[in-house]
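Inspection log for the structure reproduced underneath, given as structure tokens.
Not measured: the values here are computed from a predicted model.
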2 protein chains.
Amino acid sequence: MDSPNNVFTQYLKANGIRQSTQRDSILEVFLGTEKHLSAIELYNLVRRRHPNIGYATVYRAVKVICNAGLAEEVDFGDGVARFEHKYGHEHHDHLICTKCGKFIEVRQPNIEKLQEDLAKEYRFIPTRHKFQIFGICKNCKKYSP
Amino acid sequence: MDSPNNVFTQYLKANGIRQSTQRDSILEVFLGTEKHLSAIELYNLVRRRHPNIGYATVYRAVKVICNAGLAEEVDFGDGVARFEHKYGHEHHDHLICTKCGKFIEVRQPNIEKLQEDLAKEYRFIPTRHKFQIFGICKNCKKYSP
DNA sequence: GTGTAAATGAAATTCAATATCAATTATACC
DNA sequence: GGTATAATTGATATTGAATTTCATTTACAC
Ligand SMILES: [Mn+2]
Ligand SMILES: [Mn+2]
Ligand SMILES: [Zn+2]
Ligand SMILES: [Zn+2]
């Protein structure tokens, strides 16, 4: 009853958005990977199984999937928007290696309190935060001492 | 002896980069404002006093100024890179209003410890972090209850 | 089934970032 | 101070992701 597909259908109905075969396919492919994909990368995956779905459709579908609460945009600062799963995934932040581009997902409950404290101090209503640590990962450190 | 201009001159000398009148003018204009300017915004400011300095020169100068440690790039997620002073400004993070685009600069020492803890846990060598809280500011809250 | 408004896909547009290249200029050397 | 030369400049071109346009197709309410 509470599968991501149901959440999606529910969201579409509730907002008067039609359920198209293309969007269903795109959602299916997106759910089938655990990677942090850009729109183009997702498009290339989609194309394998569904060669006649256009890029614009993928681009627009990803936004709908985000609005439905199933995906979230992440920005690693390299000029392309990536998307990660949100359904069944608790909030996390990222350590990003500036050498190889790899990233590590980290959970850090203390940061939530930090957000609350700062927000309260400035009478700011927080909706989300972005915490990213840039640096050199374990592997890259090894190969360039 | 330790003015930003001296830091700049030193940096240029130490790296075999020439000191041009254009770069000096651009640095001067940049230091003369406390705003978080994009390259184009800075270019428009520079143009007032120096109408024959081209955009490309401003674009390149900002990078040099960053490398000299006098400016830092900030990314508020709206697709344009902005630059803020670094000289004589301690590290801070930002609360960003998603309604009006305004931002609040905040200092939060605890976040440094958070960074260290996480880095140590993953044997990651951190160079910098980005902590941003998105939400609705005091003012925008007032005008849309 | 039919009408209609939303969705699609190919192509065009936008816009910041970045590259190119001939002309100009800073500086090391004499 | 003059000169060689390599860096810098500025106009312009290119790139690439994001976003829009629009004619055609399709979902779905009735
Ligand atoms: Mn993630
Ligand atoms: Mn700032
Ligand atoms: Zn790495
Ligand atoms: Zn605001």
- Item | Toward the 5' end of DNA chain D, by each residue's nearest nucleotide, A/T21 or B/S20 | B/S20
- Looking at D/dT19, D/dA6, D/dA17, which one has an atom nearest to any side-chain atom of A/Y59? D/dT19
- Query: What nucleotide, of C/dA17, D/dG10, D/dT19, holds the atom closest to the side chain of A/Y55?
  - Reply: D/dT19
- Task: Grab the CG-C1' distance between B/D75 and C/dA16 for me, whole Å please.
- Result: 12 Å
- Query: Does B/Q22 have a side-chain nitrogen or oxygen under 4.0 Å from the phosphate oxygens OP1 or OP2 of D/dT8?
  - Reply: no
- Task: Counting heavy atoms from C-beta on, name the nucleotide in C/dG9, C/dA16, D/dC28 closest to the side chain of B/V80.
- Result: C/dA16
- Message: Do A/H89 and A/E105 pair up side chain to side chain, a donor and an acceptor below 3.5 Å, judged on atom types alone?
- Response: no
- Check whether any side-chain heavy atom of B/Y122 sits under 4.5 Å from a side-chain heavy atom of A/I133, and report yes or no. no
- Item | Euclidean distance, atom OH of residue B/Y43 to atom C1' of C/dA16 [Å, nearest integer] | 15 Å
- Between D/dA17 atom C1' and A/I40 atom CD1, what is the distance in whole Å? 6 Å
- Just compare C/dA7, D/dA18, D/dG10 and give me whichever is closest to any side-chain atom of A/I17. C/dA7
- Query: Between D/dA17, D/dA11, C/dT25, which nucleotide has the shortest distance from any of its atoms to the side chain of B/A56?
  - Reply: D/dA11
- Whole-Å gap separating P (D/dA27) and CZ (A/R18): 9 Å
- Message: Tell me the interatomic distance from B/L42, atom CG, to C/dA16, atom C1', rounded to whole angstroms.
- Response: 15 Å
- Query: Is any side-chain nitrogen or oxygen of B/K13 closer than 4.0 Å to OP1 or OP2 of C/dT27?
  - Reply: no
- Hey, is the side chain of A/R60 poking within less than 4.0 Å of OP1 or OP2 on C/dA7, counting only N and O atoms? no
- Message: Output the rounded distance in Å from CG (B/D78) to P (D/dT19).
- Response: 11 Å
- Note on the structure: Result for 5'-nearest mapping on DNA chain D, choosing between B/G16 and B/T57, is B/G16
- Query: Does D/dA18 have OP1 or OP2 sitting under 4.0 Å from an N or O in the side chain of A/K63?
  - Reply: no
- Note on the structure: Rounded to whole Å, CD1 of A/I53 lies from P of D/dT24 at a distance of 22 Å
- Message: Once rounded to the nearest 0.5 Å, what's the spacing between atom OG1 of A/T9 and atom CZ of A/R23?
- Response: 11.0 Å
- Note on the structure: Out of C/dA5, D/dG10, C/dT27, minimum distance to the side chain of B/Q19 belongs to C/dT27
- Message: Quick check on D/dA7: is either OP1 or OP2 less than 4.0 Å from any side-chain nitrogen or oxygen of B/R23?
- Response: no
- Query: Can you check the A/F76 CZ to D/dA17 C1' distance for me, whole Å?
  - Reply: 17 Å
- Query: Rounded to the nearest 0.5 Å, how far does CD1 of B/I53 lie from OH of B/Y43?
  - Reply: 9.5 Å
- Message: Any heavy-atom pair between the side chains of B/D75 and B/K130 that's under 4.5 Å?
- Response: yes
- Query: Going through the distances and angles, do B/E84 and B/H92 end up as a side-chain hydrogen bond (donor to acceptor under 3.5 Å, both in side chains)?
  - Reply: CA-CA 11 Å; B/E84 63 177 6; B/H92 60 267; 3.1 Å; yes
